[in-house]
Amino acid sequence: MRTIDLRSDTVTQPTPEMRRAMAEAEVGDDVYGEDPTVNRLEAVAAARLGKEAAAFVASGTMANLTSALTHCQRGDEMLVGDRAHVFLNEVGAVSALGGIHVRTVRNTPRGMLDPEEAEAAVRRPGIHQPRTALVCLENTHNWCGGAVLDTEDTAAIAQVAQRHGAALHIDGARIFNAAVALKVPAAELARAADTVSFCLSKGLSCPVGSLVCGTRETIARVRKHRKMVGGGMRQAGILAAAGLVALDTMVDRLAEDHANARRLALGLARLQGLALDGDSVQTNIVAFEVVAMRAEEFMAQLKERGVLTSYLGGRRVRMVTHYGIVAVDIDEALTVVEAVVRQRDGRRG
Ligand code: TLP
């Protein structure tokens with residue numbers, strides 16, 4: 001039985017060109033700043049995001065952590081969406097390791113923060129309050145079904161942060177998906193942010209790595225925090241080489257993942273027993289509710305038939321399209337899903 005793995009775009013395999021570039025990469029000791037391939041990747045990444053500098057880090061989690069450590073002192077507060085990855089899925093690292101107090105603001109279904117609610121949540125100066133040092137956005141928004149924030153959304157939250165002297169960080173793990181969906185340069189989506197991170201190891205299909213981009217001065221501090229959390233890497237050019245290939249060859253093709261996600265969403269929306277708005281899918285993530293049965297049972301039955309999905313809690317299930325998933329896989333997955341929900345209907349009747 002063939003497996004159609006829709007759990008995440010993190011399951012992607014490096015392309016043949018990446019493997020070649022990795023094998024041939026020119027390397028040096030990056031803790032000394034002497035890895036030419038890492039240096040090149042950091043320069044290319046900074047330029048793509050419209051920032052002065054970038055630091056190559058091991059993961060999206062490390063990118064968010066080192067950014068938060070850079071913007072916040074212990075005891076400072078950071079405002080995040082209540083469905084943000086940094087809040088839900090990063091082991092509470094910012095508070096455990098950084099002593100940062102996290103305050104959540106409701107995420108709208110489209111992954112945005114309401115600027116008025118964010119403004120109200122910012123602490124005013126006073127002896128009883130922590131200082132709000134950082135506001136975080138996520139683009140695309142994972143738990144909100146890959147929803148995209150546009151330049152105006154980001155600018156609205158940046159204004160709130162600026163009015164109160166707080167920094168803005170964008171967890172842009174999938175910011176290139178947002179850029180491709182909106183047909184704008186990623187730099188435009190990052191303009192209002194003090195730091196923006198993105199992942200090479202998701203839709204861009206690299207084996208490892210993320211980048212944090214910002215001003216030269218900010219990135220120097222990110223580098224120091226990266227060392228502090230044990231993330232200084234040596235001949236990391238082997239990994240960075242794949243990143244250079246990804247930025248060159250894998251960004252525009254994200255549109256194929258979006259088209260496949262849309263095909264999937266429209267197919268799922270037609271099935272009884274599942275709830276989603278097929279038209280709301282903007283990028284490569286399809287999140288939906290299973291109403292016909294328990295979500296865990298639905299997922300287990302799909303798995304038995306070779307279709308892997310991931311769980312978002314409650315009735316919600318996620319499917320993610322990526323490099324390696326083609327239109328026929330989508331049709332096959334839809335046939336399997338239909339069989340599972342139909343079988344359930346049959347048993348009921
Ligand atoms: N997301 C993963 C899982 O952790 C859930 C996934 O499969 O989607 N920010 C965002 C928005 C993310 O989606 C992720 C990973 C991260 C940060 C963390 O990246 P890594 O896994 O590289 O630490």
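Atoms within each ligand, like the ligands themselves, are counted from 1 in listed order.
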Identify the protein heavy atom lying closest to atom 19 (O) of ligand 1, giving its residue, its atom name and the separation to 0.1 Å. Lys202 NZ, 2.9 Å
Starting from atom 9 (N) of ligand 1, which protein heavy atom do you reach first, and at what distance in Å? Asp171 OD2, 2.6 Å
Among all protein heavy atoms, pick the one closest to atom 7 (O) of ligand 1 and tell me residue, atom and distance. Ser8 OG, 2.7 Å
Option from Leu79, Asp114, Ile157 for which side chain to side chain contact (heavy atoms under 4.5 Å, CB included) with Val105 holds: Leu79
Would Glu90 count as a contact residue for ligand 1, given that I'm defining contact as a non-hydrogen atom of the residue lying under 4.0 Å from a ligand atom? yes
Glu42 bridged to Arg223 by N-O distance under 4.0 Å: yes
Pick out which of Asn177, Thr283, Thr151, Leu189 makes a side chain to side chain contact (heavy atoms under 4.5 Å, CB included) with Leu182. Leu189
Note: Arg2-Glu332 ion pair, threshold 4.0 Å (strictly below): yes
Have a look at ligand 1 and work out which part of Ser59, if any, has a heavy atom under 4.0 Å from it: side chain, backbone, both or neither. both
To check your reading of the model: name the closest protein heavy atom to atom 22 (O) of ligand 1, its residue, and the distance in Å. Gly60 N, 2.8 Å
Which option out of Arg318, Arg174, His85 puts a heavy atom nearest to atom 3 (C) of ligand 1? His85
shortest atom 11 (C) of ligand 1-to-protein heavy-atom contact is with Glu138 OE2, 3.3 Å
Can you tell me the protein heavy atom closest to atom 23 (O) of ligand 1 and the distance? Thr61 OG1, 2.6 Å
Any ion pair linking Arg123 and Glu77 (charged N to carboxylate O, less than 4.0 Å)? yes
Considering all heavy atoms of both residues, which atom of Ala147 and which atom of Gln282 are nearest to each other, and what is their separation? CA-OE1, 3.4 Å
Classify the ring geometry of Phe198 against Phe176: parallel below 30°, tilted from 30° to 60°, perpendicular beyond 60°. perpendicular
